[in-house]
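So the structure is just underneath, and the comments pick up after that.
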Amino acid sequence: NAGVTQTPKFRILKIGQSMTLQCTQDMNHNYMYWYRQDPGMGLKLIYYSVGAGITDKGEVPNGYNVSRSTTEDFPLRLELAAPSQTSVYFCASSDRGQGETQYFGPGTRLLVL
Amino acid sequence: DAKTTQPPSMDCAEGRAANLPCNHSTISGNEYVYWYRQIHSQGPQYIIHGLKNNETNEMASLIITEDRKSSTLILPHATLRDTAVYYCIVRPGANSKLTFGKGITLSVRP
């Protein structure tokens with residue numbers, strides 16, 4: 001199993017541009033999550049999904065959108081990039097609830113200039 | 001949600017045991033203690049979790065005090081690759097989010 005994979009690994013965006021961060025898991029997990037991590041800080045939950053077609057907001061959803069059309073994929077969309085969105089983004093998945101063991105991807109480092 | 005308190009950093013010598021403390025004095029009876037770690041620039045990695053009893057796996061041991069107000073993660077023979085940020089997390093319930101604080105930075109010195 002590859003586990004959780006994320007693309008791209010690194011991206012530079014200009015203010016106002018948009019992009020999609022890709023996340024795929026091959027463990028057949030129902031739950032998937034997007035976190036952001038600012039330098040020296042812990043992870044903050046952006047959005048999560050409990051299954052295909054179902055998504056919900058985390059603690060910092062503003063400026064982001066998600067969709068979950070399949071069990072495997074959970075893309076994160078930035079519509080109008082802002083410098084405040086400069087961060088490292090991690091995708092994760094778990095078999096059951098949010099509190100269950102989560103498996104993380106390698107992260108996407110995003111720089112907005 | 002029960003909050004956790006960890007010192008910001010600690011170090012240990014390679015080959016020695018690393019004992020990482022965590023306080024969770026407001027933990028309730030059905031809440032688990034989880035430990036994750038994050039090696040520089042990588043995604044967090046699950047280490048171990050427990051409820052009341054001490055737990056051990058191939059990575060570490062988790063010692064939870066009898067009153068459950070604190071716990072210690074033990075890496076029995078620390079290596080340089082164990083240098084990372086370690087997060088102690090109390091899980092309110094199966095459908096509750098994991099809250100990652102700042103964790104404790106462990107530095108293993110040669």
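Naming: A, B, ... by sequence-line order, numbering from 1 per chain.
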- Do the side chains of Met27(A) and Tyr31(A) join up, straight or via other hydrophobic residues, at under 4.5 Å, putting them in one cluster? no

- Query: How long is the span from the CD atom in Gln37(A) to the OG atom in Ser41(B), to the nearest 0.5 Å?
  - Reply: 9.5 Å

- Please check if atom CZ in Arg109(B) has more than 12 non-hydrogen atoms from other residues, nucleotides or ligands closer than 6.0 Å. yes

- Taking it one step at a time, do Phe90(A) and Gln38(B) satisfy side chain to side chain contact (heavy atoms under 4.5 Å, CB included)? CA-CA 12 Å; Phe90(A) 291 102; Gln38(B) 187 174 22; 3.4 Å; yes

- Task: Give the cluster check for Tyr33(A) versus Val60(A): same hydrophobic cluster or not, with ILVMFWY residues linked at side-chain heavy-atom distances below 4.5 Å.
- Result: no

- Message: What part of Gln6(A) gets within 4.5 angstrom of chain B, counting heavy atoms only: side chain, backbone, both, or neither?
- Response: neither

- Query: When clusters are formed by joining ILVMFWY residues with side-chain heavy atoms under 4.5 Å apart, either directly or through shared neighbours, do Tyr48(A) and Val4(A) land in the same one?
  - Reply: no

- Item | Co-membership, hydrophobic cluster, residues Ile54(A) and Leu45(A), 4.5 Å side-chain | yes

- Answer yes or no: is there a side-chain heavy-atom contact under 4.5 Å between Pro44(B) and Gln102(A)? no

- Examine Ile74(B) and Leu62(B) and state if one hydrophobic cluster contains both, with Ile, Leu, Val, Met, Phe, Trp and Tyr joined whenever side-chain heavy atoms are less than 4.5 Å apart. no

- Taking Tyr87(B) for the side chain and Gly42(A) for the main chain, is one N or O donor matched with an acceptor at less than 3.5 Å? no

- Query: Heavy atoms, side chains only, cut-off 4.5 Å: are Thr101(A) and Tyr36(B) in contact?
  - Reply: yes

- Item | Heavy-atom side-chain contact between Tyr46(B) and Phe104(A) under 4.5 Å | no

